[in-house]
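Have a look at the structure below, then the notes.
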Amino acid sequence: RRGERSPLKGLFSLRDLSPELRTLAWAGVLLWLGSAASHSFIMQLFFAHKFHVSQYEVRWVMVLHRLTIVAPLMLVGHLRIRDLRTAYMVAVIGEGLSLIGATVMPTFVTSAAVWLLHDFIGGGIWVPVQHTLIQRFSRDESRGLDVSKALALMALGGAAGPYLAGLTASILIDLPFAISGVLMLLSIVPMFGLEEKSTRP
């Protein structure tokens with residue numbers, strides 16, 4: 001509340017968060033870990049090392065990568081999504097499968113095309129839905145604190161992603177993308193614990 005101070009030890013406790021927000025945050029740890037494993041320095045190295053393409057070609061993949069998330073981010077708020085939890089889970093599954101699929105494509109063009117789907121059918125949908133659910137499950141009287149705690153926990157998962165990418169890429173360049181997709185798929189498991197409170201009125 002305005003004018004109140006939160007005890008320092010309370011900043012590092014998740015017990016005061018709603019059960020739904022804790023569930024969403026722990027699911028987000030896996031999701032951000034998976035996302036960061038493929039959305040770090042490894043993005044460029046994957047295409048350059050696997051298909052021996054030039055920096056010029058990789059550059060255009062990265063440009064398209066940022067553009068493909070624009071349309072779904074603009075449109076998702078206008079869709080009649082009644083069950084936010086299901087929409088979130090389907091979008092995360094779509095992104096996970098796209099990342100895994102990119103590793104089995106035989107050519108640069110087909111791999112890049114499949115990989116570029118991950119934001120168009122995935123991140124561009126689950127990101128705004130996730131943020132909506134975080135807000136919905138936060139308490140009115142401490143919304144900023146609750147949102148910050150949830151995002152901080154997810155960010156810890158994301159911090160380990162580049163390390164995981166570096167560790168596995170030295171074994172096989174496909175592994176960071178494949179592991180990223182698997183972690184994203186696993187991240188939807190906790191979401192089954194959410195109640196129908198995630199459904200729009």
Side-chain angles (χ1 to χ4, degrees), residues 17-40 43 59-102 110-155 157-158 161 177 180-181 183-201:
L17 300 182
S18 68
E20 295 89 353
L21 187 52
R22 284 199 300 269
T23 298
L24 187 62
W26 285 117
V29 170
L30 279 176
L31 181 60
W32 283 36
L33 172 60
S35 178
S38 59
H39 282 64
S40 57
M43 283 195 296
R59 176 186 67 179
W60 283 110
V61 175
M62 296 301 109
V63 170
L64 291 172
H65 174 224
R66 290 297 83 194
L67 290 177
T68 54
I69 200 171
V70 174
L73 283 176
M74 294 289 289
L75 296 174
V76 69
H78 298 282
L79 299 178
R80 289 183 169 271
I81 302 175
R82 293 208 45 90
D83 189 340
L84 295 175
R85 180 185 64 172
T86 299
Y88 172 90
M89 294 169 68
V90 170
V92 170
I93 290 172
E95 178 159 354
L97 292 178
S98 174
L99 291 170
I100 295 171
T110 55
S111 179
V114 171
W115 184 77
L116 286 169
L117 288 174
H118 76 266
D119 275 337
F120 190 76
I121 64 174
I125 299 170
W126 69 254
V127 168
V129 172
Q130 182 192 59
H131 283 228
T132 300
L133 291 175
I134 290 173
Q135 291 283 341
R136 182 161 297 182
F137 296 139
S138 297
R139 298 164 294 174
D140 290 337
E141 66 273 15
S142 58
R143 187 171 304 279
L145 181 62
D146 290 0
V147 170
S148 294
K149 282 187 178 183
L151 292 177
L153 185 63
M154 296 178 192
F177 278 20
S180 173
L183 287 170
M184 287 188 162
L185 296 178
L186 290 175
S187 76
I188 71 167
V189 174
M191 297 296 292
F192 285 102
L194 284 185
E195 299 178 359
E196 290 305 313
K197 188 178 177 182
S198 62
T199 302
R200 281 185 175 178

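Remember, predicted model here, so these are calculated numbers, not experimental data. Computed over heavy atoms, backbone and side chain alike; hydrogens, waters and symmetry mates excluded.
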Could you tell me the separation between the [atom1] atom of [X] and the [atom2] atom of [Y], rounded to the nearest 0.5 Å?
| X | Y | atom1 | atom2 | result |
| --- | --- | --- | --- | --- |
| Leu151 | Trp32 | CG | CH2 | 5.0 Å |
| Leu97 | Ile121 | CG | CD1 | 7.5 Å |
| Leu30 | Leu186 | CG | CG | 6.5 Å |
| Lys149 | Ile134 | NZ | CD1 | 14.5 Å |
| Leu84 | Ile125 | CG | CD1 | 12.5 Å |

Main-chain N/O of [Y] paired with [X] side-chain donor or acceptor, under 3.5 Å:
| X | Y | result |
| --- | --- | --- |
| Ser148 | Gly144 | yes |
| His118 | Trp115 | yes |
| Ser187 | Met184 | yes |
| Ser18 | Phe137 | yes |
| Asp119 | Thr68 | no |

Non-hydrogen side-chain atoms of [X] and [Y] separated by less than 4.5 Å:
| X | Y | answer |
| --- | --- | --- |
| Gln130 | Leu31 | yes |
| His131 | Pro128 | no |
| His65 | Leu116 | yes |
| Arg85 | Glu20 | no |
| Ile81 | Tyr88 | no |

Minimal non-hydrogen separation, [X] against [Y], with atom names:
| X | Y | value |
| --- | --- | --- |
| Leu21 | Ser138 | CD2-OG, 3.7 Å |
| Ala112 | Val61 | CB-CG2, 4.1 Å |
| Phe120 | Ala71 | CE1-CB, 4.3 Å |
| Ile188 | Val92 | CG2-CG1, 3.6 Å |
| Arg136 | Arg143 | N-NH1, 4.5 Å |
| Ser180 | Leu99 | OG-CD1, 3.3 Å |

| Of the options Ser98, Ser111, Ser38, which is the one that meets Phe177 in a side-chain contact (heavy atoms from CB on, under 4.5 Å)? | Ser38

| message | The test is side chain to side chain contact (heavy atoms under 4.5 Å, CB included); show your working for Leu185 and Ile100 and say whether it passes. | response | CA-CA 10 Å; Leu185 296 178; Ile100 295 171; 4.0 Å; yes

